[in-house]
Each structure stands twice: as C-alpha cells, then as structure tokens.
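Residue numbers start at 1 and run along the sequence shown.
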Amino acid sequence: MDTTCFSESIYNLIPIDWKEPPQPPRYSSIFKTSVKEDMQKHKTAMKTMGPPKVEVPSPKDFLKKHSKEKTLPPQKKFDRNEPKKPPVPLRTEHPVMGIQSEKNFINTNAADVIMGVAKKPKPIYVDKRTGDKHDLETSGLVPKYINKKDYGVTPEYICKRNEEVKKAQEEYDNYIQENLRKAAMKRLSDEEREAVLQGLKKNWEGVQKEFQSLSVFIDSIPKKIRKQKLEEEMKQLEHDIDVIEKHKIIYIANK
C-alpha cells in the first residue's frame, strides 16, 4: 500500500479556508470612565512624588564662571590688646571626682508624673474630608466676644432712641387728653373693647352661616343681589374686626 496516497487523502479532508473561531470580547465596566474622572477630580494636589508641574529653567539663568566658588570672609585687623581665651588646664590639674547625689530620680520622676496636672490638648477643628487640621483659637469660631466688658449692655443709641420714643408717646398722650377735653371724647375700656370685638365676630359667624346656606346655582337676579349683599357685610365686619384688634386704645365721641 502506498503511504503517500494515504497521507495525501487524510490532509485533503481538512478544509483549506479554515480559520480559528474569534475570541469573545473582554469584559469592560461601564463605570470605568466615570470612576477615573471622579478620582482625578477629588485628587489632592501636591500629594505625589513631586510637584505636578516642573517649571522649565529660564535660558538667562545659565551657569557662570566662578559662580560656585566660596568667597572668603573679610579680613579683620589684628589687635594685640584683644582679650584672649581662657588658658588650657595643666596636666597636674584634675577635675573633681567622686561627687554623688542622694536624690532618687526614679521616685522623684514618678511623683512628678502622679501629682502633675495632665496637659490639655490644643483645640483644633477639621473642615475637610482629608483631615486637614486648623487652630481653633484663631479661627473665629470660639465665642470670645462674651468676655468683653460691654457684652450684654444696651448700646447708647438704643437707650437714646427709647427715650425719644417714650417722650414722643407722652407728648401724644397729652395731646390726646387735651383733645378729649375739648371734643368730650370717651375712651373704651378693655372690657368694652373686648365685648365689641366678640359681638362683631358673632355677627360675622351669623352672616357666614347664612352665606353658606345659599343655593349652589345662582340663576336669578334676587339670588345674585342676596349673595352680593352678604359678601359686602362679611367684608365690612372683617375690616372692623381687624381695626379693633390692631388698636388697643379706641376713642368714641359722646352723644
């Protein structure tokens, strides 16, 4: 059996235009761009390995000759009478040795810590989510104004204005009393004023009840006239009630 024919017949079974199937697309989140923009927006400046932008050196600031050489200090004039440094101790001079203290530093430090007052922390405040701290005393948030001498004291201009208002009220009362004597007017007492006010409110309730009992369809001239008359009465009573409630003092003429 010819092996070449057998191999050729096997290879002929494979199609010539065969291609590998396409790979499925990789998963990509729809929030990828929004997350990148959010991170870039809230990124704090200068929290990197260096400044975000480096300034380009100017071409005018080039390195000049002898610019890095050290300059010597100005020469001083020598003076023989200038005071000298203390002499170096001699070899025969020895420092004082063997001095010991009877103080127990361990017990002393422990007593200082136990009896000492705890140090208060410095007041601060944080105004950002990144945790930036600021001094609270100089921020203006502490109510230091309550420690002023004139705190809670009425200003002079207000006292002066109150005196002027009081004086104007006295002059007005005197003027009213004088006119009352001339025109013989009578002032309503609080009880009479309250009785008049309650009477007007009672009349208004009666007119309103009558107005609400009207028919829904106003299809005749007498009904229209009746409705208009009730509306005018209610409006007039409301005006009178409003006037009496606003003015505490009411004068009427004696007949």
### Among Ile241, Asp242, Val243, the one residue meeting side-chain contact (heavy atoms from CB on, under 4.5 Å) with Leu200
Ile241

Distance in Å, [X] [atom1] paired with [Y] [atom2], rounded so as to fall on 0.5 Å steps:
{"X": "Glu238", "Y": "Asp240", "atom1": "CD", "atom2": "CG", "result": "10.0 Å"}
{"X": "Ile124", "Y": "Asp132", "atom1": "CD1", "atom2": "CG", "result": "11.0 Å"}
{"X": "Ile176", "Y": "Gln169", "atom1": "CD1", "atom2": "CD", "result": "9.5 Å"}
{"X": "Thr33", "Y": "Phe31", "atom1": "OG1", "atom2": "CZ", "result": "9.5 Å"}
{"X": "Lys41", "Y": "Asp38", "atom1": "NZ", "atom2": "CG", "result": "6.0 Å"}
{"X": "Gln100", "Y": "Lys103", "atom1": "CD", "atom2": "NZ", "result": "16.0 Å"}

Polar contact flag, side-chain donor to acceptor under 3.5 angstrom, [X]-[Y]:
{"X": "Asn174", "Y": "Glu170", "value": "no"}
{"X": "Gln198", "Y": "Glu194", "value": "yes"}
{"X": "Gln177", "Y": "Asp173", "value": "no"}

### Task
Decide yes or no on side-chain contact (heavy atoms from CB on, under 4.5 Å) for Leu230 and Glu233, but give the supporting numbers first.
CA-CA 5 Å; Leu230 293 175; Glu233 290 182 4; 4.2 Å; yes

Is [X] atom [atom1] crowded by more than 12 heavy atoms from other residues, nucleotides or ligands, each under 6.0 Å away?
{"X": "Lys223", "atom1": "NZ", "result": "yes"}
{"X": "Ile106", "atom1": "CD1", "result": "no"}
{"X": "Glu245", "atom1": "CD", "result": "yes"}
{"X": "Glu156", "atom1": "CD", "result": "no"}

Same cluster or not: are [X] and [Y] linked, directly or through other Ile, Leu, Val, Met, Phe, Trp or Tyr residues, by side-chain heavy atoms under 4.5 angstrom apart?
{"X": "Val165", "Y": "Ile158", "answer": "no"}
{"X": "Tyr125", "Y": "Val142", "answer": "yes"}
{"X": "Val207", "Y": "Leu197", "answer": "yes"}
{"X": "Ile30", "Y": "Val35", "answer": "yes"}

### Task
Please step through side-chain contact (heavy atoms from CB on, under 4.5 Å) for the pair Ser139 and His134, ending with a clear verdict.
CA-CA 8 Å; Ser139 63; His134 304 281; over 6 Å; no

Smallest separation among heavy atoms of [X] and [Y], with atom names:
{"X": "Thr154", "Y": "Cys159", "value": "CG2-SG, 3.7 Å"}
{"X": "Pro59", "Y": "Phe62", "value": "O-CD2, 3.7 Å"}
{"X": "Leu63", "Y": "Ser67", "value": "CD1-OG, 3.3 Å"}

### Message
I want to check something: taking the side chain as every heavy atom from C-beta on, are Glu164 and Lys160 in contact at a cut-off of under 4.5 Å?
### Response
yes

### Task
Using the salt bridge (Lys or Arg N to Asp or Glu O under 4.0 Å) rule, take Glu137 and Lys122 through it: C-alpha gap first, then chi angles, then the decisive distance, then the call.
CA-CA 9 Å; Glu137 294 292 337; Lys122 189 176 182 181; over 6 Å; no

What side-chain donor-acceptor pairs closer than 3.5 Å can you find for residues 79-88, not counting sequence neighbours?
{"from": "Asp79", "atom 1": "OD1", "to": "Asn81", "atom 2": "N", "distance (Å)": "3.3"}

### Task
Take Lys224 and Gln228 through the side-chain contact (heavy atoms from CB on, under 4.5 Å) test and state the conclusion after the steps.
CA-CA 6 Å; Lys224 292 181 180 179; Gln228 186 177 1; over 6 Å; no

### Message
Run Lys201 and Trp204 through side-chain contact (heavy atoms from CB on, under 4.5 Å) and show every step you take.
### Response
CA-CA 5 Å; Lys201 289 183 178 180; Trp204 182 85; 5.5 Å; no

